[in-house]
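First the structure, in the form of structure tokens, and then the observations on it.
All values below come from the heavy atoms of this structure, side chains included, with hydrogens, waters and symmetry mates left out. Remember, predicted model here, so these are calculated numbers, not experimental data.
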Number of protein chains: 2
Amino acid sequence: MPGRPRDERTRSVILRRAADIASLDGLEGLSIGRLATDLGVSKSGLFGYFGSKEELQLATIRAATAVYVEEVVQPALSVPPGLGRVHRLCENWLSYSQRRVFPGGCFFFAVNAEFDARPGRVRDAAVAASLDWTRFVARAVDDARQLGELAVDTDPDQLAFELIAFMETANAVSLLHDDPNAYERARTAIRRRVPLQKSSQGA
Amino acid sequence: MPGRPRDERTRSVILRRAADIASLDGLEGLSIGRLATDLGVSKSGLFGYFGSKEELQLATIRAATAVYVEEVVQPALSVPPGLGRVHRLCENWLSYSQRRVFPGGCFFFAVNAEFDARPGRVRDAAVAASLDWTRFVARAVDDARQLGELAVDTDPDQLAFELIAFMETANAVSLLHDDPNAYERARTAIRRRVPLQKSSQGA
DNA sequence: TCTAAGTACGAACGTTCGTGCTGAGAATAG
DNA sequence: CTATTCTCAGCACGAACGTTCGTACTTAGA
């Protein structure tokens with residue numbers, strides 16, 4: 001049973017690179033031999049860290065999740081609940097995608113599209129991460145609603161759907177058409193959909 | 001019939017199946033051996049139709065484009081320009097995704113996400129198809145605007161971005177979370193963003 | 001009927017994939 | 001110091017990949 005007691009720092013270096021590659025070529029396009037060559041270690045040595053390709057893929061998703069939480073989620077939690085947090089959340093996401101924290105744009109956009117029709121543990125992990133994120137956005141929206149900063153009859157899931165749609169499409173368009181305007185389009189759409197300040201129609 | 005290229009009907013059967021597989025597993029996950037086994041022909045025989053994997057991928061994109069045009073674009077052209085056509089376009093797209101014309105949802109959503117960061121002819125073809133579609137939607141929106149059915153200061157590219165965002169995200173959410181509500185969310189978002197009938201705020 | 005063209009086949013090429021096994025060398029315990 | 005443990009590189013394996021090749025078989029035209 002290999003995989004466990006190895007150097008933790010080396011492991012995280014491997015996984016950070018794995019996430020970069022996966023954002024570009026997908027988690028299937030990520031091959032152990034190529035990753036090993038890339039990092040200047042042997043294929044079997046790297047393999048020993050994980051024990052199987054599927055474990056490597058799952059570990060890569062966990063590592064990417066940590067980056068995502070640090071880049072997008074955490075800094076939004078430092079803002080009090082309400083519209084401010086909603087906007088901060090969206091801006092963090094757009095910045096995370098635009099700055100190419102992963103060279104292939106949002107890691108999860110790539111992986112979700114790759115595994116959305118392939119059963120297995122990797123898909124399950126991707127689905128769970130996506131669900132967490134969707135709920136987090138909906139919660140932030142609902143907080144703002146309950147604080148009276150959005151109309152009482154606002155459907156948090158519906159609004160979260162629309163905000164996520166703008167963000168992910170900005171990511172997609174920017175990558176595919178190398179069009180930096182995509183992010184400004186998303187920002188415009190978000191501003192149009194969600195008021196910047198508390199409106200006068202609170203409950 | 002000497003001199004004729006290989007049987008055109010067989011070729012299109014191959015490509016239709018290739019598009020189905022690619023919508024599920026991507027154009028890289030589409031392997032010649034598997035496709036041949038799937039269709040009950042020899043690998044080399046199938047290979048002879050295309051000459052290289054890249055040519056097979058390009059031909060598959062062309063075949064999928066034909067399906068897309070027939071399912072989404074053509075029937076929208078049968079309704080006169082204006083808001084009606086815009087709504088028809090969106091509804092055709094959502095129906096095409098929801099009915100799983102390709103078993104993995106929208107073929108182009110899968111392929112675009114797969115190749116958005118990989119240079120090459122396949123990417124170029126995907127980009128071109130995406131650009132055509134985006135312009136087609138923006139044109140339909142602009143037609144409606146010029147007919148006075150949308151506010152004169154409507155930005156067609158911006159609105160097209162938002163509509164496409166709703167549609168593609170419905171496709172993604174439906175696949176990943178097996179959530180049929182996703183399409184209704186998109187329809188709700190579209191109705192909210194684009195009036196069903198000509199409003200009173202025309203130019 | 002004979003010939004030429006052309007399709008589709010099986011076999012095999014070299015490469016890369018994921019995955020085991022083995023053995024050298026470093027680290028650590030007594 | 002030796003003895004044990006752990007890590008990683010090297011090598012080999014079988015399978016699958018895209019691709020090439022030689023060759024039966026089919027068919028059109030002379």
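Under 3.5 Å, the side chains of B:R100 and B:S174 contain a donor-acceptor pair of N or O atoms. When only modelled atom types and interatomic distance are considered, B:N92 and B:R88 share a side-chain donor-acceptor pair under 3.5 Å.
Between the C1' atom of D:dT7 and the CZ atom of A:R9 lies a distance of 16 Å, rounded to the nearest Å. In this structure, CG of A:L35 is placed 15 Å from C1' of C:dT16, rounded to the nearest angstrom. Remark: C1' of C:dG20 and CG of A:L46 are 16 Å apart, rounded to the nearest angstrom. One interatomic measurement links the two molecules: CD of B:E8 to C1' of C:dT7, which rounds to 14 Å at whole-angstrom precision. In this entry the distance linking CD of A:E28 with C1' of C:dG18 reads 11 Å, nearest Å. Between the CZ atom of A:F47 and the C1' atom of D:dT7 there is a distance of 15 Å, given to the nearest Å. Regarding B:L56, its CG atom lies at a distance of 9 Å from the P atom of D:dG18, rounded to whole Å. The CZ atom of B:R11 sits 12 Å away from the P atom of C:dT7 (whole-angstrom rounding).
Within the structure, every pair that satisfies the ring-ring contact (aromatic ring centres under 6.0 Å, His included) test and touches residues 140-168 of chain A, not counting sequence neighbours, is listed here: A:F166-B:F166.
Distance check, rounded to the nearest 0.5 Å: CZ of B:R185 to CD of A:Q158 gives 6.0 Å.
Of the candidates D:dT19, C:dG20, D:dC8, the closest approach to any side-chain atom of A:Y49 belongs to D:dC8.
Legend: residues meeting side chain to side chain contact (heavy atoms under 4.5 Å, CB included) with B:Y49, ordered by chain and number and at least two apart, are B:R6, B:D7, B:T10, B:R11, B:I14. Scored by the ring pair (Phe, Tyr, Trp, His ring centres under 6.0 Å) test, B:F115 finds no partners at all (sequence neighbours excluded). Contacts of A:F136 classified as ring pair (Phe, Tyr, Trp, His ring centres under 6.0 Å), with partners at least two apart in sequence or in another chain: none.
Taking the centre of each ring, B:F108 and B:W133 stay at or above the 6.0 Å mark.
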I'd like a table of atom pairs between the protein and nucleotides 12-17 of chain D - only N or O on both sides, under 3.5 Å - with the distance next to each one.
residue : atom : partner : partner atom : Å
D:dC17  : OP1  : B:S31   : OG           : 2.7

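Under 3.5 Å, the side chain of B:S42 and the base of C:dA8 form no donor-acceptor pair of N or O atoms.
An end-to-end axis angle of 10° holds for the helix from C:dT1-D:dA30 to C:dG30-D:dC1, taken from five base pairs per end and rounded to 10°.
For B:R9, the CZ atom sits in a loose shell: 12 or fewer heavy atoms of surrounding residues, nucleotides or ligands are nearer than 6.0 Å.
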